[in-house]
Amino acid sequence: MITYVLKRLGQSAFVVLLTVSTVFVLIRMAPGDPATALAGPNATAADLAKIRTQLGLDGSILSQYLTFLERLFTGDLGTSYSFRAPAFDVVIDRLPYTITLALAAVALTAVIALPLGIWMSRRADTGREMGANIVTIAAQSMPEFWSGIMLLTVFSVLLPVLPSSGFTTWPGLVLPATTIALLQVALISRLVRREMVSNLTSPYLTVARAHGIPERRLVWGYALTNSAIPVLTALGTRFAAMLNGVVVVEVVFNWPGVGSLVVRALETRDYPLIQATVLITAALAILVQLLIDLMYPLLDPRIRLGKATAR
């Protein structure tokens with residue numbers, strides 16, 4: 001296991017470096033100039049040149065990249081242009097809000113999607129299951145900005161029972177988490193339904209039924225356990241993606257997380273802040289994926305890290 005973990009950490013470090021290097025090049029090739037964003041539209045050419053020199057943007061992309069790597073390996077991710085503070089500290093300050101929102105959304109998704117998927121699998125190919133499919137497909141088809149605005153309209157305007165933006169109190173978490181979960185419930189419940197139908201018709205359950213094992217135990221103890229790995233993978237993947245910031249939801253609800261921070265960084269061409277955000281969130285996302293891989297043997301004893309048990 002130690003060898004496997006070390007190998008995965010080495011691969012992960014390479015992926016993170018490749019990701020942040022790609023972003024480093026692309027943001028400098030994109031239209032826009034940090035000097036213009038900082039100096040304003042009335043700045044002279046001399047003003048812009050002075051700002052570029054101060055920011056270290058007057059050299060070639062290669063020289064800027066080498067300087068970036070040198071600072072990166074010493075733990076310096078640069079100073080944010082707009083916040084005038086270390087970019088690492090700015091991202092870390094916002095990260096707990098995004099993690100809180102992601103955890104709430106994943107928890108809500110699991111609480112709703114697992115029972116719903118099991119219910120659909122027990123009524124496969126019936127009119128009730130078709131009706132549930134229509135509802136989940138409709139939820140999956142709704143853009144997050146639209147469902148977020150609809151929830152705001154209903155629960156913050158027509159029925160002012162929940163905060164409309166920000167995270168000053170815990171009720172402020174309800175609407176953004178629900179907005180994200182609407183899409184995730186549609187995806188995960190259909191996945192649970194598919195896996196459960198496959199397991200419920202497996203020969204081992206037929207034999208278990210013949211031995212008189214109660215149906216509830218067959219469903220929740222056997223079939224669901226054998227469906228856990230793909231479901232856990234899907235939930236973990238969605239959580240890892242949310243760590244990069246649920247941009248649309250965070251903007252709609254004025255959520256002070258990484259997603260809204262990225263939007264501001266892109267608007268102001270804040271290169272250090274963009275690079276720090278990509279580096280930190282990519283590292284966290286890969287760490288989550290590694291933890292999911294390490295949980296597989298706990299769910300299925302036949303699995304061994306790196307290979308399956310020989311038959």
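For the numbers below, each heavy atom of this structure counts, side chains included, while hydrogens, waters and symmetry mates do not.
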Point to revise | Derivation and outcome, side-chain contact (heavy atoms from CB on, under 4.5 Å), residues Leu116 and Thr136 | key: CA-CA 10 Å; Leu116 178 60; Thr136 57; 4.1 Å; yes
Check your understanding: What do the steps show when you test Ile274 against Val262 for side-chain contact (heavy atoms from CB on, under 4.5 Å), and what is the final call?
Key -> CA-CA 6 Å; Ile274 296 172; Val262 169; 5.8 Å; no
Give a yes or no answer on whether the side chain of [X] reaches the backbone of [Y] with a donor-acceptor pair at less than 3.5 Å.
X      : Y      : answer
Thr201 : Val197 : yes
Arg123 : Met130 : no
Arg264 : Ser260 : no

Would you indicate whether the side-chain heavy atoms of [Y] and [X] approach each other to under 4.5 Å?
X      : Y      : value
Gln64  : Leu57  : yes
Thr109 : Leu187 : no
Leu284 : Val288 : no
Leu290 : Ser12  : no
Leu101 : Leu173 : yes

At what distance, to the nearest 0.5 angstrom, does [atom1] of [X] lie from [atom2] of [Y]?
X      : Y      : atom1 : atom2 : result
Asn199 : Ser121 : CG    : OG    : 9.5 Å
Met196 : Leu224 : CE    : CG    : 5.5 Å
Trp255 : Thr98  : CH2   : OG1   : 9.0 Å
Ile51  : Thr36  : CD1   : OG1   : 8.0 Å
Arg52  : Asp47  : CZ    : CG    : 10.5 Å
Leu273 : Thr277 : CG    : OG1   : 4.5 Å

When the side chains of residues 230-237 are checked against the rest of the protein, which donor-acceptor pairs come out under 3.5 Å, sequence neighbours left out?
{"residue": "Thr233", "atom": "OG1", "partner": "Ile229", "partner atom": "O", "Å": "2.8"}
{"residue": "Thr233", "atom": "OG1", "partner": "Tyr296", "partner atom": "OH", "Å": "2.4"}
{"residue": "Thr237", "atom": "OG1", "partner": "Thr233", "partner atom": "O", "Å": "2.7"}

All N/O donor-acceptor pairs, side-chain side in residues 175-186, below 3.5 Å, sequence neighbours left out:
{"residue": "Thr178", "atom": "OG1", "partner": "Val174", "partner atom": "O", "Å": "2.7"}
{"residue": "Thr179", "atom": "OG1", "partner": "Leu175", "partner atom": "O", "Å": "2.8"}
{"residue": "Gln184", "atom": "OE1", "partner": "Arg238", "partner atom": "NE", "Å": "2.9"}

Review point. Between Gln275 and Ile27, does a side-chain contact (heavy atoms from CB on, under 4.5 Å) hold up when you go through it step by step?
Key: CA-CA 9 Å; Gln275 293 158 188; Ile27 59 177; 3.8 Å; yes
Is there a chain of hydrophobic side chains (I, L, V, M, F, W, Y, each step under 4.5 Å between heavy atoms) that links [X] to [Y]?
X      : Y      : answer
Val111 : Ile188 : no
Leu279 : Phe73  : yes
Leu18  : Leu69  : no
Leu17  : Leu66  : no
Leu291 : Phe239 : no

Review point. Considering residues at least two apart in sequence or located in another chain, which fulfil the side chain to side chain donor-acceptor pair (under 3.5 Å) criterion with Ser63?
Key: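 Ser60.
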Using every non-hydrogen atom in the two residues, find where [X] and [Y] come nearest and quote the distance to one decimal.
X      : Y      : answer
Val157 : Thr153 : CB-O, 3.2 Å
Asp76  : Gly78  : OD1-N, 2.9 Å
Ala110 : Pro115 : O-CD, 3.8 Å
Gly259 : Glu250 : N-OE1, 2.6 Å
Phe24  : Phe68  : CE1-CB, 3.6 Å

Practice item. Classify the ring geometry between Tyr97 and Phe167 as parallel (under 30°), tilted (30 to 60°) or perpendicular (over 60°). Key: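 Correct class here is perpendicular.
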Could you pull out every donor-acceptor pair under 3.5 Å between side chains of residues 82-96 and any protein atom, sequence neighbours left out?
{"residue": "Ser82", "atom": "OG", "partner": "Asp270", "partner atom": "OD2", "Å": "2.8"}
{"residue": "Arg84", "atom": "NE", "partner": "Tyr81", "partner atom": "O", "Å": "3.4"}
{"residue": "Arg94", "atom": "NH1", "partner": "Gly257", "partner atom": "O", "Å": "3.3"}

Practice item. Indicate whether any N or O donor in one side chain lies under 3.5 Å from an N or O acceptor in the other, for Gln289 and Asp293. Key: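 The criterion, which ignores hydrogens and geometry beyond distance, is not satisfied for Asp293 and Gln289.
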Practice item. Assess whether side-chain contact (heavy atoms from CB on, under 4.5 Å) is satisfied between Ile280 and Val258, documenting all intermediate values. Key: CA-CA 10 Å; Ile280 294 171; Val258 173; over 6 Å; no
Contacts table for residues 212-220: side-chain donor-acceptor under 3.5 angstrom, sequence neighbours left out:
{"residue": "Glu215", "atom": "OE1", "partner": "Arg209", "partner atom": "NE", "Å": "3.2"}
{"residue": "Glu215", "atom": "OE2", "partner": "Arg122", "partner atom": "NH1", "Å": "3.1"}
{"residue": "Glu215", "atom": "OE2", "partner": "Arg209", "partner atom": "NH2", "Å": "3.2"}

Please list every donor-acceptor pair under 3.5 Å in which a side-chain atom of residues 144-151 meets a protein atom from a residue at least two apart or in another chain.
{"residue": "Ser147", "atom": "OG", "partner": "Pro143", "partner atom": "O", "Å": "3.3"}
{"residue": "Ser147", "atom": "OG", "partner": "Glu144", "partner atom": "O", "Å": "3.1"}

